[in-house]
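Report on the following structure.
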Amino acid sequence: MNLSYPITYIKGISVQRATLLYTELGLKTCDDLLNFFPFRYIDKTAFYTIKELQSNTSEVQIVGKITQVKSVAQKRGSRLVATFQDATGTMELVWFRGQKWIKDALKINEPYVVYGKLNHYNGNFSIPHPEIELVKEYKKKLQTKMQPVYPSTEKLTNSGVSNKLIRTYVQHLLQQFYEGIQESLSQEIIADFTLMGKREALLNAHFPESQENLAKAQYRLKFEELFFIQLQLLRKKQLNKIKIKGLVFENVSENFNTFYTNHLPFSLTNAQKRVLKEIRKDVASGAHMNRLLQGDVGSGKTIVALLAMLLAIDNGFQATLMAPTEILATQHYHAISELVKDMDLNVDILTGSVRTKKRRELHQNLEDGTLHILIGTHALIEDKVQFKNLGIAIIDEQHRFGVAQRAKLWSKNSLPPHVLVMTATPIPRTLAMSVYGDLDISVIDELPPGRKEVKTVHRFDSNRLSVFKFMKDEIDKGRQVYVVYPLIQESEVMDYKDLLDGYESISREFPTPKYQISIVHGQMKPADKEYEMQRFVKGETQIMVATTVIEVGVNVPNASVMVIESSERFGLSQLHQLRGRVGRGADQSYCILLSSYKLSSEGKTRLKTMVETTDGFKIAEVDLKLRGPGNLMGTQQSGVLNLKIADIVKDTQILVSARNTAMALLKEDATLSKPENSNIKKTYIALSKTSKIWSEIS
Ligand code: ADP
Ligand code: MG
């Protein structure tokens, strides 16, 4: 008997049932069921007496006898009422359904264990549809005082697969396979953390003897789960370092130095310098760089990217920068061309809207090496795009790209280019450890000097007039203003209408010729978008009315006001990104969050958080708590987060211990070949055969 057997090996599970359990819950093997954990437990450790009952006790368990049973007529139909008593008092048990059958089954004056939700009416207690069992039956069973409640689906319930049935399956499973459950951790780790043994932990996670045992069991299983994920990620990182030979950028010469001394428009912040040093160390080491650069909006990642690209060029390589949208790619293209305009470098852009003729030319320049820096969108990863010798691939705003796309860039060179992934969506440290555990992480945690914190307020729709007034004052001072509308796919048509209505009312309020307004939305042609964008960038228009297309990366330092319409409909990270569009120049900037009066409590928390802090990491923490990890950008496809028992938000402490333990272990026994680590090795091998982590993280 082996836990990898299908669940049909478990007593009571037919092929048909097994199919249902698979389609509904994804349970295929015995091991799957063993690791299918209850989401709550009914605490039956306590017994009540009837006298003790309080109107606020919700679920109770009582031992007593039924003294009489009667049918009571009511408005519609009848109800079955049993008088239930113990030494201290009397109460009622009530049934509305299945009365006939229940009436026949009930035994008078025999001791029962009764369990259920307590009702209180006119000073009388009752339990409708209680769980009820004769004490003598109750005593025969494998007694678990806290009863597991498993996740289920409507279809399962309707097909007669009740929680009780799943409980029975798990019970059978544990009875049949208990001896086959192998310890997966080493004695040393178990001793270090005083962990419960694996068998005991599984038993107690399903059928805990007490709250205390449950806590211990859960700790052990969470630790193990996180430990093996970390072990895989760290091992992968280690292997990459050994196996994947990195291109060596040993020269720091002309381009880098010339730029650094003559063309750098400002001095770098300490954080930028530190990150640059980390990158330089990576690319000179002979190992392959796979680095995540986190830096809040406006922290100055672009210049770091450019300097990294110059390092590549100094060593005879080409560089590429990929952005998620055409607007952003164009913006990068302009910014970078401007920065290097006095240098002897060729920079070009490739997006979906580049014409065939130009494209052919570009391919040619790329292949013969005359093109040094190529900036673009997804269009870059098409097979037709071939570099002569790509040395570094930089990906901006990582969360927009899937992991597969990241991997595809690798194949653009015979030796994989160094990879730098930049993101402005701060990821809480714990999450980064899991989702990007195989990457090295750099953080720019300092904004360029002189930036003033964006003042953020929340206003209701009814205050719109005063908001318009404020916009006018700022425009009179020579500033520019964004007005952003939500565009959420399901109701795209309506959102689009909101945007156009808004545009109209703003046009009325801000008439030409005094005011000029740009509008940008997703349904426009790229060229038109670009034209409107450029008018705003050049300062020809004072107001930019837009949907969230401007969310990522756009840089207009003169813009000082960000008005967000229906702000309650945006997620926190989106709001943060949007706010990051202002506060880029020397002037005081403002973010005005407009909303209706109707706010969900989550909506309230989001707006309150935005008003209270501008710290992207704090905002990310709140976001993670509100939405859970599955919804954070970039994590959806990540198998890393398919956790069975651990919770990446709540179990931070365990995660950190697990990661440190895995790190220490690999340091001592990188190949897990020491005999004392054989349990770990076995589990590790088994997991890497089934785990998605391997294929999903590039
Ligand atoms: P992000 O990290 O959001 O991509 P950018 O690279 O677009 O930020 O930089 C935001 C703005 O800050 C740009 O206008 C850039 O020129 C400017 N900037 C970047 N680094 C510095 C610095 N060290 N000192 C002053 N301004 C800087
Ligand atoms: Mg940027």
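We count ligands from 1, going down the list as the structure has it; atoms in each ligand are counted the same way.
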*Flag the pair Arg359 and Glu382 as a salt bridge only when some basic side-chain nitrogen lies within less than 4.0 angstrom of an acidic carboxylate oxygen.*
yes
*Relative to the heavy atoms of Thr269, which atoms of ligand 1 are at a distance of less than 4.0 Å?*
23 (N)
*asked:* Side chain or backbone, does Pro449 bring an N or O within less than 3.5 Å of an N or O on ligand 1?
replied: no
*Pull out every atom of ligand 1 sitting under 4.0 Å from any heavy atom of Thr302, numbered as shown with elements.*
4 (O), 5 (P), 6 (O), 7 (O)
_Salt bridge check, Lys341 against Glu338: does any charged N sit closer than 4.0 Å to a carboxylate O?_
yes
*Backbone, side chain, both or neither: what part of Leu268 comes under 4.0 angstrom of ligand 1, heavy atoms only?*
backbone
*So is there a nitrogen or oxygen of Gly300 less than 3.5 Å from a nitrogen or oxygen in ligand 1?*
yes
*Nearest candidate to atom 2 (O) of ligand 1, where distance is taken over non-hydrogen atoms, out of Met422, Lys301, His332, Arg584*: Lys301
*Check Pro265 against ligand 1 and report side chain, backbone, both or neither, counting heavy atoms closer than 4.0 Å.*
neither
*Any non-hydrogen atom of Gly298 lying under 4.0 Å from ligand 1?*
yes
*Under 4.0 Å from a heavy atom of Ser267: give me the atoms of ligand 1 that qualify, with their elements.*
22 (C), 23 (N), 24 (N)
*asked:* Would you say that Leu293 contacts Glu278 through its side chain, given a criterion of any heavy-atom pair below 4.5 Å between the two side chains?
replied: no
*asked:* Out of all atoms in ligand 1, which are within 4.0 Å of some heavy atom of Ser299? Include the element for each.
replied: 2 (O), 8 (O)
*side-chain hydrogen bond (donor to acceptor under 3.5 Å, both in side chains) partner of Ser442, chosen from Arg291, Gln294, Arg274, Lys301*: Arg291
*Does a side-chain N-to-carboxylate-O contact under 4.0 Å join Asp473 and Lys469?*
yes
_If we ignore hydrogens and angles and just use 3.5 Å, is the side chain of Ser567 paired with the main-chain N or O of Leu594 as donor and acceptor?_
yes
